[in-house]
Amino acid sequence: MLNNIHNFFNAFGASVIVPIMIFIISLFLKVKPKKAMMCAFYAGVGLTGFSWIINEFTPVVTKIVRQMVNNTGIKLPVVDIGWQAGALASFSAPIGLTFFVFGLVAEFVLFAIGITKVFMPSNLWNNFGFMIWGTLAFYVTHNWWISLGLSFFMLLYTLLLAEIQADRWSTYYKIDNTTVCALQNIVQTIPAILLDPLWNLLGFNKANLTPTAFKNKFGVFGEPTTLGAILGLLIGILGNIKNLATVAAWGQIFQFSIQLSAVMTIFPLVTKVFSKAFIPLAKQINQERKQNKNAKSGIDLIQDSKRWFLAVDDGVGYGEPATIISGIILIPIMVVIAFVLPGNKTLPVVDLIALPYMVESIVAITNGNILKVIANGVIWFSLGLYASSWLGSIYTNAISHYGAAIPAGIVLVTSFNLMAHPLNAAVFAAFISKNPLWISLCIIIYLVLLIVLRKYRPQIWTYLNKMAAKNVQATSSLKASTKE
């Protein structure tokens, strides 16, 4: 059966499976069949658009990054080859496929009994984020239950974090009753919340570094299209710093400038198409809530204990100006940090293009304050470099064991997007230790946080909105949400 599931998903892929799920969910929510069909099509078109852009742009970015690396002469043994190898291995491993089947059932059950207010099955493709950690654990421990338990536990705290930031995410990205719920990207909620008082103490909340501020201050030079060209020019120069006297170097520099400008222009357009898949569903959720309240208006979104959220793909937020700008700025920063960070063995390369996905929760919680996003990213992803360095040999051996190809000439590989996360690495370490004390401690911390969330969810959301409002770019929608 597991092999049949593997073959099925390989044959159809995310651009077909996800629209089918969206169509089914739309009908379940009583969306009209014609509209449900269009939701499904928009999801498929959006995912295909994302895939085309990233697949075309990734080799371009990778080439520039490798040139930056070669210019330094520094060699790091653990090389980031992208998340795709990890996804392939997780769908090829029995433990991964087992979680995919029973994890999907668990996601329905957890939502039905109220453990979570996030409906995860709508974003089932990102389950490979849980599957890869279970696959690594099974390779290390050969213990089926420990490995499967790790994947399920990671699902639990992912749903917890997704609900904590759900109101803030849906407010910032302007799609009601939705949130992102991918393990590899949701844990950034933690530094975004914990470090915010420090950034405010340093005055970062007063730094008006937002796309709107750029546009107001610099006019056409503040537009994402122009900013993309400028950032592309700077990154291109860094990648050709030793060859600036050659025509070929400047040809590559200007080509990369236009290519990055194109990505920052086209991606938001694809994002708008993809968002159309979820807007009718979000409206239908609101409609049902109003009917349940026997009122047409006046429902307090913060206080409503019945409010729930649809998990959506991170692609919905990728093209938002503050998100994509912050992610692109972090590309050269993380390469430099990888060189100078003492004890680091990881070279981030291919997954650097995933940085906009990785900062979405930070962007939402800081209300688009680019300075805070970069500061949080530098600290969290620097710790993540240590995590992926430690996991290098485990990850390499596990994914190669389950059929992923390792590029010639590279000894150890990683995925910056999947592995460079301190919390996930710490939980992984606790479970593979097989020590009941460490595993129990993880579970106890989760249960305490779950109880706190269930009891104080309105207060948590209000606090996050007040945090976001302290940034100078607070929007009218945010102010309205804070008053509720």
Side-chain angles (χ1 to χ4, degrees), residues 162 164-176 178-180 185-186 188-200 202-219 221-228 230-231 263-265 267-269 271-272 274-275 312 314-331 333 354-381 461-482:
I164 287 174
Q165 57 106 68
D167 177 73
R168 189 85 286 282
W169 194 94
S170 62
T171 298
Y172 184 83
Y173 288 100
K174 297 181 175 61
I175 305 181
D176 292 341
T178 60
T179 185
V180 289
N185 299 329
I186 195 67
Q188 280 70 263
T189 301
I190 296 171
I193 294 175
L194 295 182
L195 295 176
D196 202 71
L198 172 62
W199 304 139
N200 290 343
L202 296 174
F204 285 14
N205 58 312
K206 299 177 182 178
N208 199 3
L209 294 180
T210 66
T212 302
F214 289 154
K215 185 176 180 179
N216 292 338
K217 189 172 183 178
F218 301 111
F221 292 100
E223 295 280 357
T225 301
T226 313
L227 286 172
I230 294 171
L231 287 171
V263 168
M264 294 186 68
T265 303
F267 223 110
L269 300 179
T271 296
K272 288 181 180 179
F274 192 47
S275 298
V312 299
D314 306 78
V316 172
Y318 189 107
E320 190 275 328
T323 306
I324 196 167
I325 290 171
S326 301
I328 296 299
I329 290 174
L330 277 167
I331 288 177
I333 292 176
L355 276 165
Y357 292 120
M358 297 166 71
V359 299
E360 280 187 30
S361 294
I362 304 175
V363 171
I365 289 171
T366 62
N367 201 30
N369 185 317
I370 292 175
L371 181 59
K372 283 186 176 181
V373 176
I374 293 172
N376 280 310
V378 166
I379 291 177
W380 190 252
F381 299 139
W461 285 353
T462 299
Y463 171 73
L464 293 180
N465 281 326
K466 288 181 178 179
M467 279 174 51
K470 291 181 181 179
N471 297 288
V472 294
Q473 75 279 10
T475 61
S476 57
S477 63
L478 171 67
K479 292 176 181 177
S481 179
T482 306

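Because only heavy atoms are used, hydrogens play no part in the values below, and waters and symmetry mates are left out as well, while side chains stay in. Because the structure is a prediction, the values reported are computed rather than measured.
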Locate the shortest heavy-atom distance separating Pro211 from Ala322; write the atom from each residue and the value.
CG-N, 3.3 Å
Which residues share a ring pair (Phe, Tyr, Trp, His ring centres under 6.0 Å) with Trp169, sequence neighbours left out:
Tyr173
By side-chain hydrogen bond (donor to acceptor under 3.5 Å, both in side chains) - contacts of Ser326 (at least two apart)
none
Quick one: does Ser170's side chain have a donor or acceptor within less than 3.5 Å of a partner on Thr179's backbone?
no
Once rounded to the nearest 0.5 Å, what's the spacing between atom CD1 of Ile379 and atom CD1 of Ile374?
12.5 Å
Would you say the side-chain atoms of Tyr318 and Glu360 include a donor-acceptor pair closer than 3.5 Å?
no
Any donor-acceptor pair under 3.5 Å linking the side chain of Asn205 with the backbone of Lys470?
yes
Test item: Asn471 side-chain N/O and Ala468 main-chain N/O as donor-acceptor pair under 3.5 Å
yes
Side chain proximity check, Val359 to Leu330, heavy atoms < 4.5 angstrom:
yes
Applying side-chain contact (heavy atoms from CB on, under 4.5 Å), can you list everything that pairs with Leu269, at least two apart in sequence or on another chain?
none
Just checking, is any N or O donor in the side chain of Gln165 or Ser361 under 3.5 Å from an acceptor N or O on the other one?
yes
By side-chain hydrogen bond (donor to acceptor under 3.5 Å, both in side chains) - contacts of Tyr357 (at least two apart)
none
Heavy atoms of Val316 and Thr271 approach each other most closely as O-CG2, 2.7 Å
Rounded to the nearest 0.5 Å, what's the gap from CG on Asn367 to CE on Met467? Could you check?
10.5 Å
Contacts of Pro268 that satisfy side-chain contact (heavy atoms from CB on, under 4.5 Å) - sequence neighbours left out
none
If you measure from OG1 on Thr265 to CD1 on Ile324, what distance do you get to the nearest 0.5 Å?
9.0 Å
Once side-chain hydrogen bond (donor to acceptor under 3.5 Å, both in side chains) is applied, do any residues pair with Trp461, and if so which ones, sequence neighbours excluded?
none
Once side-chain contact (heavy atoms from CB on, under 4.5 Å) is applied, do any residues pair with Leu227, and if so which ones, sequence neighbours excluded?
Phe214, Ile325
Measure across Ala192 and Ile365 and return the closest heavy-atom pair with its distance rounded to 0.1 Å.
CB-CD1, 3.8 Å
Looking at Thr323 and Gly319, would you say the former's side chain and the latter's main chain have a donor-acceptor pair under 3.5 Å?
no
Roughly how far, to the nearest 0.5 Å, is the OH atom of Tyr172 from the CG atom of Asp167?
15.0 Å
With a 4.5 Å heavy-atom cut-off, do Glu320 and Val363 have their side chains touching?
yes
Checking Thr226 now: which residues fulfil side-chain contact (heavy atoms from CB on, under 4.5 Å) with it, not counting sequence neighbours?
Val220, Phe221, Glu223, Ile230
Between Phe381 and Leu355, does a side chain to side chain contact (heavy atoms under 4.5 Å, CB included) hold up when you go through it step by step?
CA-CA 10 Å; Phe381 299 139; Leu355 276 165; 3.8 Å; yes
Interatomic spacing from CD1 in Ile193 to CG in Leu464 - rounded to 0.5 Å:
5.0 Å
Decide yes or no on side chain to side chain contact (heavy atoms under 4.5 Å, CB included) for Ile362 and Lys372, but give the supporting numbers first.
CA-CA 8 Å; Ile362 304 175; Lys372 283 186 176 181; 5.8 Å; no
Nearest atoms (heavy-atom pairs only) where Gly315 meets Phe274:
C-CD2, 4.0 Å
Could you check whether any side-chain heavy atom of Val263 comes within less than 4.5 Å of a side-chain heavy atom of Ile328, counting everything from C-beta outward?
no
Check side-chain hydrogen bond (donor to acceptor under 3.5 Å, both in side chains) between Asn185 and all other residues, then give those that pass, not counting sequence neighbours.
Asp314, Asn417
Nearest-0.5 Å distance, CG of residue Asn200 to CG of residue Leu195:
11.0 Å
Do you know the tightest heavy-atom contact between Met358 and Gln188?
O-NE2, 2.8 Å
For the backbone of Phe204 and the side chain of Asn369, can you confirm whether one donor and one acceptor N or O come within less than 3.5 Å of each other?
yes
